[in-house]
Structure formats: structure tokens, C-alpha cells
Amino acid sequence: MAQKPSIPKGTRDFSPNEMERRQYIIDILKHRFQLYGFMPIETPSFENSETLLGKYGEEGDRLIFKILNNGAFLDKVDDELLSSKNESVITSKISDRALRYDLTVPFARYVVQHQNEIAFPFKRYQIQNVWRADRPQKGRFREFTQCDADVVGSDSLLQEVEFIKLFDDVFTDLKLNGCTIKINNRKILAGIAEMMGAEDKLIDFTVALDKLDKIGAEQVKTEMLDKGIDPQAIEKLQPVFELSGSFEEKITQMKSLLSESTIGLEGIAELEFIKNKLTTLKMKTAHLDLDITLARGLNYYTGCIFEVSAPQGVNIGSISGGGRYDDLTGIFGMKDMSGVGISFGLDRIYLVLEELHLFPETVKAGVQALFINFGEAEANYCMEWMFRFRESGIKTELFPDAGKMKKQMTYADKNEIPFVILAGEDEIKAGKLTLKHMKTGEQETLSPEDLLKRFAE
RNA sequence: GUGGUUGUAGCUCAGUCGGUUAGAGCGCUGGUUUGUGGUGCCGGAGGUCGCGGGUUCGAGCCCCGUCUUCCACCCCA
């Protein structure tokens, strides 16, 4: 007996209707990316393991899909090592390649490898799948699509301003009004850590702070204590927990809090610059919000960080994110190359648009007219006209088998083909075609030329 | 990686306290004047109840394991 087919955990099939909707989102993204001057690139689905490992932190390494070597891969593993059950060491012996985890690190690798062909600053966009060995849950898959735009080779804060406008433009085009673009700066977080005297605990500190709106101030403090951060230092954080008001008001409060920290003030100055530019340029539908607790997981960010959350009432986490990384290419041996980039989560945006019923009424990409097949002679007559119709840009097809009428009509009906064209003995003799309007059931016999004109309207 | 949850026909789901031959709707298929679909009527096919073990006279139902689904945590798009 044939086994029931299935697909791996966390993966999905996309049927025509879903593909149409995914394509709708992608078309808007591509259009905006190109208007902003980004050029497309693609990179391989898998990379050499050393390119990816160690770039996303310990947790990230765990979530990278490793590809088992081919051939006698066990030759490199002796019994002693095998019985040690040391996964990471054994993995490095039997797996040399891994599926990409995001598009940013492969992009950094690309830039370093192609530096001689590139005129900097280099702006590229990339829409490809990435893979993570995560446990699936709402809005979380093991295979999903990221749509990234990055620019490398420019320190200018105008890039940050442009990216925020890009968020605003894209979400406005998608009719997804009321998104919140949260912005923060790693330098501010570093400044706070400095002020607390907890520079060495920066990562633990930001991860805990990131949870503030989710678990509350008390639990954040508890987590920081657990991570070994000094209680007195945590007390100094109180003003951060109580931060409120408008963007400008928060800036003012942070300024006095970080008055001693050079790096902290630098971060604040950057945010002020960006905010001022955007006040002049104006946002269309998105809101810009300063969120000091925003940390973001990827530890290569060094300056501004962004995250976009869906309009209120949609519980799906972030739908886009990004930030500046001053030294991403440094790990591949190319110094002083600053980059900024953002990533749109196609799959999550899809879920949000679906939940809010924001997909446009699908313009069916299917055929406009189906030729009914009555038999060999009739089919030959139809074929001739079918190809003429196609040359005129009309999407049309001939039912391949001379089967039952009912089956052919049902086919047209199920596929929402608006017109059916019939040509039997009588029509062939008269050199005509019969057009049936599926919705009304009306039909009329007319010359092929007239029929063509009818479709042209 | 941790905790919970789910799995019965192609799909959505019923199935009582463990009790004879596991059901419905939709879909599929055949027929209902053989050149006419979408709404009618009549018929038909289709299930190792996720998989493997166990308890029992007897398991879709109880127990254990495993895979899968969805959700939360960790983390993240």
C-alpha cells in the first residue's frame, strides 16, 4: 500500500491562490526596492558551514540546518570521538555545509568576495528562502522567505532615514495602515550598560530589557539578577522602566540619564538626526516610535535598530526588522565597511494581510476562454484559432481530450474561466465560433474576427 | 532544547460508560433526452481510526513509546 505522503515539519505547499497573493506582496516590494535604487542578487541556498557558524550567537548555531557530508563521512570520526557524544565536534567532522539562516551574512560574504566588481556604496535587494531548525508555531516556520534590502559602504545616517521611508512606502502600498516602526540604537543600550557598570553583561542585559512590555519591570529585574547583574546597577535602570511620552520627550529624558556616557549620547544624537529628517519628509501611514527596550537578537548590529510591528490587535510578533552593522564584513577580512539593512518577513506579512482581509480581490491569472474539444477534426479547427487568439494576447486553451461535454464545462466552471468557445460541425461549415458566457449562460455564434474584437474590448 | 495540545474518508468533523458491520456534510464518480457547467433527483467508490507496543473476552475510546499539528517558553521574520 502506498504510504501517505507528507512534507517535513514547518514547511508548506503553496497552491495557486496563495502564490498569487505572495506574488502580490513580492511585486510591491520589488517595485519599491527598485524605486529606491536597490539591485537584485541571489546567493546559494547553502553555504560552507564556517561562513555561517558563530555569526548568530550560540542559539543561532543550534538553529542552523547542517547538511550531512556525502560519501564515507564517518571515516573522520574515530570510535573514541563517537562515544564521547560531543555533538558540536562530531558535527564539524561530518558536515561541511549548511542551509543559510538569513540573507545578511551570505550578503556580507558576497560583498567581500566581489569587492573588486562593486562600486560602493552598494545597494542590493534579495528575496530568497532561509531555513531555521526552530520549533514551528504561529507565524514561525522552518522554511520561510525573507526580503532584504541592504546598503554597504556608507556611514551616512541618511540611509537609516531612507529605510524608514521604505518601510512606510511598502506598508502603505500594501494598505497595511497603522504599523509601528520601533527604533532604538545599540549605542544607547551600550551607554545604559556603561552607566550601570555592566558593560560585560551587555547581551544578557539587552535580552532581558527587550521583554519589558511582555513580562513587566519586576520580572525583567529578576531575570537580570539571575544573569548576575548587580542589584544596585539595576536600580539605576528605574528611569528607563518609567520612560514615557512622545519621541522628543523620551529623547530629553534619556539625554539627562546618559549625560555621562559618550557612546550613549552619540546614539541619542543619531536618533535625533533621523527624527528631524523624518519630521520634514513626513510619514504616510506608519508611526515612528522610540523604544529603548528594543534589542533584537542578532548580535552584529552596532547602531540603529528597527523593528516593525503589525497594527494593534494582530498578535504575530514583528513583521520586519533591521539595523546598522559597522563591521559585518570584518569577519570575512574586509575592514571599515559599514552597512545598514532591513528585512521583510514575507510569510508573516501574508498572515497579517489575510487576518485583516487586506488582499485585493484576486484578479484571476487564469485563462479567459476555453475551447471545447468535440473530436479530432473539430480540435484541429479550434487549434488554429487558439494560436491566433494567443498571438493577440488572449489567454486561452483547448481541452486536451474529446471527453464528455459535462466534464469540459465543469472544468471551465471550476477554474473560473469566464468564456467557453464551441466549434462543431455547423460552426466549421459556416467558418464561425460559438461564444458562451459562463456566468449568464448566454451564447452567440459569430466570426472569429468579431470574437477577437470582442475580447479586445 | 522545555511544557502543553492534536491526529477518524480527498477535505471539515461526529463517534455516549470500552461492546456487534465506524458515521455525516462537502468533494469525487456514474446516471437523470448522447452539443452545455454552476441550484434538483437517484446510485457508487473511498477508512489497518497517525505509527508501534501494551491492558482487556473485547480498544477509535484506557496505558507507554514515537511521529505529526497547533500553542506557549527559549529565541526569532
Side-chain angles (χ1 to χ4, degrees), chain A residues 1-12 15 25 56-64 87 101-104 127-148 203-204 206-208 210-211 214-215 219 223 226 294-299 306-310 315-323 341-352 370-375 378 399 402-428 434-443 445:
Chain A
M1 184 187 135
Q3 63 173 10
K4 265 195 183 176
S6 64
I7 55 175
K9 183 199 280 232
T11 64
R12 294 146 303 151
S15 296
I25 300 172
Y56 310 101
E58 208 177 303
E59 185 71 13
D61 280 1
R62 208 192 79 203
L63 298 177
I64 291 173
E87 275 105 0
Y101 178 87
D102 72 356
L103 300 179
T104 308
I127 301 175
Q128 290 191 276
N129 281 353
V130 304
W131 294 268
R132 295 186 188 176
D134 214 351
R135 274 219 194 169
Q137 53 178 287
K138 189 177 183 188
R140 244 171 141 162
F141 310 97
R142 290 184 141 183
E143 177 182 62
F144 61 98
T145 308
Q146 285 194 329
C147 314
D148 278 30
I203 299 282
D204 285 336
T206 51
V207 167
D210 193 38
K211 296 175 188 165
K214 204 166 178 181
I215 61 177
Q219 289 203 55
E223 181 164 333
D226 288 347
L294 177 63
R296 289 191 60 74
L298 300 173
N299 42 26
F306 323 108
E307 192 164 289
V308 181
S309 50
N315 177 30
I316 194 143
S318 60
I319 55 177
S320 291
I342 60 175
S343 177
F344 292 85
L346 175 65
D347 305 83
R348 286 194 178 174
I349 292 171
Y350 183 103
L351 290 172
V352 172
L370 173 75
F371 281 90
I372 297 293
N373 189 333
F374 285 117
E378 291 89 341
F399 199 86
K404 291 213 171 71
M405 205 41 194
K406 178 173 174 140
K407 188 178 164 118
Q408 302 192 35
M409 293 300 285
T410 305
Y411 175 85
D413 196 43
K414 287 266 161 70
N415 287 295
E416 296 179 54
I417 299 171
F419 295 99
V420 156
I421 298 169
L422 305 100
E425 253 180 75
D426 296 346
E427 283 90 347
I428 294 175
T434 295
L435 178 73
K436 180 184 171 86
H437 194 290
M438 288 300 278
K439 208 159 191 177
T440 60
E442 286 166 16
Q443 56 189 64
T445 303

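Only this structure's heavy atoms are used, side chains among them; waters, hydrogens and symmetry mates stay out. In this text, all values refer to a predicted model and were calculated from it rather than measured experimentally.
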Which nucleotide wins on minimum distance to the side chain of [X], given the candidates [options]?
X: A:R140; options: B:C71, B:U69, B:C75; answer: B:C75
X: A:Q146; options: B:C70, B:A77, B:G35; answer: B:A77
X: A:Q137; options: B:C73, B:G38, B:G35; answer: B:C73
X: A:M405; options: B:C75, B:C71, B:U36; answer: B:U36
X: A:R62; options: B:G37, B:G1, B:G35; answer: B:G1
X: A:R132; options: B:A77, B:U68, B:G35; answer: B:A77
X: A:R348; options: B:C76, B:U68, B:G38; answer: B:C76
X: A:K211; options: B:C74, B:G37, B:G31; answer: B:C74

Distance, [atom1] atom - from [M] to [N], rounded to whole angstrom:
N: B:C62; M: B:U16; atom1: P; result: 10 Å
N: B:G19; M: B:C61; atom1: P; result: 11 Å
N: B:U21; M: B:U2; atom1: P; result: 42 Å
N: B:U6; M: B:C13; atom1: P; result: 13 Å
N: B:G50; M: B:A22; atom1: P; result: 15 Å
N: B:C74; M: B:U12; atom1: P; result: 31 Å
N: B:A59; M: B:C64; atom1: C1'; result: 15 Å
N: B:G31; M: B:G37; atom1: P; result: 12 Å

For this session: Have a look at A:K439 and say if it touches a base, only the backbone sugar-phosphate, or nothing, with a 4.0 Å heavy-atom cut-off.
Result: base
For this session: Remember a base hit wins even if backbone is also touched, and classify A:F141 as base, sugar-phosphate or nothing at under 4.0 Å, heavy atoms.
Result: base
Exercise. Can you find a donor-acceptor N/O pair under 3.5 angstrom joining the side chain of A:D413 to the base of B:G38?
Worked result: no
Exercise. Is there a donor and acceptor pair closer than 3.5 Å between the side chain of A:Q443 and the base of B:U36?
Worked result: yes
Exercise. Does the side chain of A:Y411 come within less than 4.5 Å of A:I417's, by heavy atoms?
Worked result: yes
Exercise. Within a strict 4.5 Å, meaning less than it, do heavy atoms of the A:M438 and A:M409 side chains meet?
Worked result: yes
Between atom [atom1] in [X] and atom [atom2] in [N], what is the gap in whole Å?
X: A:R135; N: B:C70; atom1: CZ; atom2: P; value: 13 Å
X: A:D134; N: B:G1; atom1: CG; atom2: P; value: 11 Å
X: A:E59; N: B:C76; atom1: CD; atom2: P; value: 7 Å
X: A:I342; N: B:A77; atom1: CD1; atom2: C1'; value: 13 Å
X: A:E425; N: B:U34; atom1: CD; atom2: C1'; value: 14 Å

Would you tell me if any nitrogen or oxygen in the side chain of [X] comes within less than 4.0 Å of OP1 or OP2 on [N]?
X: A:K436; N: B:U36; answer: no
X: A:K407; N: B:U29; answer: no
X: A:K404; N: B:G31; answer: yes
X: A:K406; N: B:U29; answer: no

Problem set entry | Stacked pair A:F144-B:A77, distance under 5.5 Å, angle under 30° | yes
Exercise. Is there a donor in the side chain of A:E143 and an acceptor in the side chain of A:T11, or the other way round, less than 3.5 Å apart?
Worked result: no
Problem set entry | Gap separating the CG atom of A:L435 from the CD atom of A:Q443, nearest 0.5 angstrom | 8.5 Å
For this session: Please give the nucleotide sitting opposite B:A24 as a Watson-Crick or G-U wobble pair, both distances under 3.5 Å, or none.
Result: B:U12
